[in-house]
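Okay, structure first, notes after.
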Amino acid sequence: MPERAGSGDPFAGAHAVITGGSSGIGLATAARLAARGARLSLLARGSERLERAGNDLAAAGADVAVRSADVADHTALDAALAELVADRGPCDILVTSAGVARPGHFLELDDSVFREMIEVDYFGTLYACRAVAPSMVERGSGSMVAISSAAGLLGIYGYTAYSPAKFAVRGLMESLRAEMAPAGVHVACVCPPDVDTPQLADENRFKPAETKAVAGTVKPLSALQVADAIVGGIERRRFLICPGVSTWALGRFGSVLAPALQSGFDRKVAKVRKKGAAPPPVGQ
Ligand SMILES: NC(=O)c1ccc[n+]([C@@H]2O[C@H](COP(=O)([O-])OP(=O)(O)OC[C@H]3O[C@@H](n4cnc5c(N)ncnc54)[C@H](OP(=O)(O)O)[C@@H]3O)[C@@H](O)[C@H]2O)c1
């Protein structure tokens, strides 16, 4: 990463591109990187929220540009990234935080939901990585950081659409790490637990009662806590970044813990079903 003369901070002057940078984890990571002197390029679909995020960050002293694009639209994403790179120089840090989460009962979810999760969460990550990787390899430097999820470490009741997309992101980043390491490019996969963001609020509207019993008992982290873990993970060139103690344990010992966790979760689900699970919200 380029460093501003005399600043001593490895993030100073680095060009950080953040998909999903208008909200939640992406926006918090943008703020933390800007505080360390990084130059920001933020991408998301909704231009109003994106402009607001850009203006707020600029008011706090950040050097920031914004572009509206859907990460699931390969051509549109490539065009937006090409413009940002032409204007602001090659990407030194990519954070793919654009994502959607839609829980629900497997038997009740529409096929389109399964497709949307894969298109946005997986392909949106893949397209962004493919756009910046050639230049990072050529320069022998850079970081590509994808936001997966705790649901990308363990399958959880109600996440049959979301979890596979987040497993796919982790599989992609794990394989990519192996290919990028010899070229000097850092690759990371972030697996946060519940985080207090607009996405979590939206997700909660659709969570089956069983999912709430299994996954809704731990206090959500703040987006800034996750951003701090991401920035620290980039600095230390970590691969797996699991903010919070329980997710850290899941990241390290997941395959050992899984059978015990699954039977604990099954007991919670059985309890909810005995009481009579709440019917799914109207429209599902
Ligand atoms: N919050 C949690 O509990 C939690 C836990 C684990 C993992 N995660 C993951 O963390 C990432 C960030 O989530 P968050 O909680 O920060 O959500 P958030 O506050 O809802 O932010 C999501 C961001 O992604 C953008 N986005 C969504 N779909 C997009 C698309 N198709 N193309 C471009 N941008 C898109 C949104 O802007 P527009 O809607 O305007 O496009 C927004 O900027 C996601 O990948 C999520 O799955 C979240």
Side-chain angles (χ1 to χ4, degrees), residues 17-32 40-54 56-57 66-81 95-103 115-128 145-154 156 159 161-170 172-173 188-207 211-212 215-216 218-227 229-230 241-244 246-247 250-251:
V17 174
I18 303 174
T19 72
S22 66
S23 176
I25 296 169
L27 178 56
T29 306
R32 288 305 202 226
L40 307 172
S41 292
L42 311 182
L43 282 135
R45 291 164 307 178
S47 44
E48 201 177 306
R49 190 161 56 153
L50 194 54
E51 293 289 345
R52 205 180 322 128
D56 289 350
L57 287 162
V66 300
R67 285 289 181 290
S68 177
D70 183 341
V71 294
D73 180 337
H74 198 170
T75 311
L77 179 62
D78 270 357
L81 288 170
V95 179
T96 64
S97 192
V100 283
R102 176 68 140 78
R115 187 169 293 281
E116 186 193 4
M117 301 295 106
I118 290 288
E119 283 179 350
V120 177
D121 294 347
Y122 175 68
F123 280 108
T125 299
L126 175 74
Y127 298 151
V145 181
I147 316 296
S148 174
S149 169
L153 293 167
L154 186 75
I156 297 169
Y159 285 110
Y162 179 65
S163 226
K166 292 301 190 179
F167 267 72
V169 168
R170 186 160 66 88
L172 167 69
M173 299 316 274
C189 181
V190 187
C191 295
D194 279 355
V195 186
D196 187 9
T197 67
Q199 177 179 297
L200 183 64
D202 184 58
E203 217 180 302
N204 282 337
R205 299 190 302 126
F206 297 99
K207 269 183 191 164
T211 309
K212 286 184 180 161
V218 180
K219 187 174 176 272
L221 297 182
S222 73
L224 284 172
Q225 282 176 301
V226 176
I230 293 171
I241 301 171
C242 292
S246 50
T247 319
L250 196 58

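Read the numbers this way: they start at 1 and go in the same order the structure lists the ligands and their atoms. Throughout, numbering of the chain's residues begins at 1 and tracks the sequence. FYI, side chains are in, hydrogens and waters are out, and symmetry mates aren't considered; it's all heavy atoms of this structure. Quantities reported herein were computed from a predicted structural model and do not represent experimental measurements.
Ranking the protein heavy atoms by distance from atom 31 (N) of ligand 1 puts D70 OD1, 2.8 Å first. Looking from atom 37 (O) of ligand 1 to the surrounding protein, the closest heavy atom is R49 NH2, 3.3 Å. Atom 28 (N) of ligand 1 has R45 NH2, 3.2 Å as its closest protein atom, hydrogens excluded (heavy atom only). When only non-hydrogen protein atoms are considered, atom 45 (O) of ligand 1 lies nearest to K166 NZ, 2.8 Å. Of all protein heavy atoms, the one lying nearest to atom 43 (O) of ligand 1 is S22 OG, 2.7 Å. Scanning all protein heavy atoms for the shortest distance to atom 12 (C) of ligand 1 gives S97 O, 3.0 Å. With respect to atom 19 (O) of ligand 1, the closest heavy atom belonging to the protein is S23 OG, 2.6 Å. At the top of the distance list for atom 26 (N) of ligand 1, counting protein heavy atoms only, stands A98 CB, 4.0 Å.
Interface of I25 with ligand 1, defined as ligand atoms under 4.0 Å from a residue heavy atom, comprises 10 (O), 16 (O), 48 (C). Close approach to V120 involves these atoms of ligand 1, each under 4.0 Å from a residue heavy atom: 28 (N), 31 (N). Distances below 4.0 Å separate heavy atoms of A69 from the following atoms of ligand 1: 32 (N), 33 (C). Shown in contact with D194 at under 4.0 Å from a heavy atom are these atoms of ligand 1, numbered in order with element: 3 (O). Residue S148 has at least one heavy-atom neighbour below 4.0 Å for each of these atoms of ligand 1: 7 (C), 9 (C). Those atoms of ligand 1 with a heavy atom of G24 less than 4.0 angstrom away are 16 (O), 19 (O). Listed by number with element, the atoms of ligand 1 under 4.0 Å from a non-hydrogen atom of G46 are 38 (P), 40 (O), 41 (O).
For the atom pair R102 CZ and M117 CE, the distance stands at 7.5 Å (nearest 0.5 Å). Atoms OG1 and CG, on T29 and L42 in that order, are 10.5 Å from each other to the nearest 0.5 Å.
Using modelled atom types, one side-chain atom of T19 and one backbone atom of S97 make a donor-acceptor pair closer than 3.5 Å. A side-chain donor-acceptor contact under 3.5 Å links S148 to the backbone of K166. Remark: side-chain polar atoms of D70 are not paired, donor with acceptor, to backbone N or O of L77 under 3.5 angstrom. At distances below 3.5 Å, at least one donor-acceptor pair connects side-chain atoms of S163 with backbone N or O atoms of A151.
The shell of residues lying under 4.0 angstrom from ligand 1, judged by heavy atoms, excludes A101. Contact between I147 and ligand 1 is present, with at least one heavy atom of the residue lying under 4.0 Å from the ligand.
Within the set P192, A53, G124, the minimum heavy-atom distance to atom 6 (C) of ligand 1 is found for P192. With atom 46 (C) of ligand 1 as the reference point, the heavy atom nearest to it among E48, Q199, E203 is part of Q199. The closest non-hydrogen atom to atom 32 (N) of ligand 1, taken over T247, V71, V226, L77, comes from V71.
Contact of the I147 side chain with the C189 side chain is not registered, since no non-hydrogen atoms from C-beta on lie closer than 4.5 Å. A heavy-atom distance below 4.5 Å is found between the side chains of L81 and V17. At a threshold of 4.5 Å between non-hydrogen side-chain atoms, the residues L250 and C242 do not count as touching. The shortest side-chain heavy-atom distance between V226 and P192 falls under the 4.5 Å cut-off.
With a 4.0 Å heavy-atom cut-off, ligand 1 is reached by the backbone of V195 and by its side chain too. The part of T197 lying near ligand 1 is the side chain, judged by heavy-atom distances below 4.0 Å. The proximity of P193 to ligand 1, defined as any non-hydrogen pair under 4.0 Å, is limited to the backbone.
Residues passing the ring-ring contact (aromatic ring centres under 6.0 Å, His included) test with F167, sequence neighbours excluded: none.
A salt bridge between K207 and D194 is present, with a side-chain N of the basic residue lying under 4.0 Å from a carboxylate O of the acidic one.
Side-chain atoms of Y162 and E116 include no donor-acceptor pair closer than 3.5 Å.
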Distance-only donor-acceptor hits, side chain of residues 43-51, under 3.5 Å, sequence neighbours excluded:
residue	atom	partner	partner atom	Å
R49	NH1	S23	OG	3.2

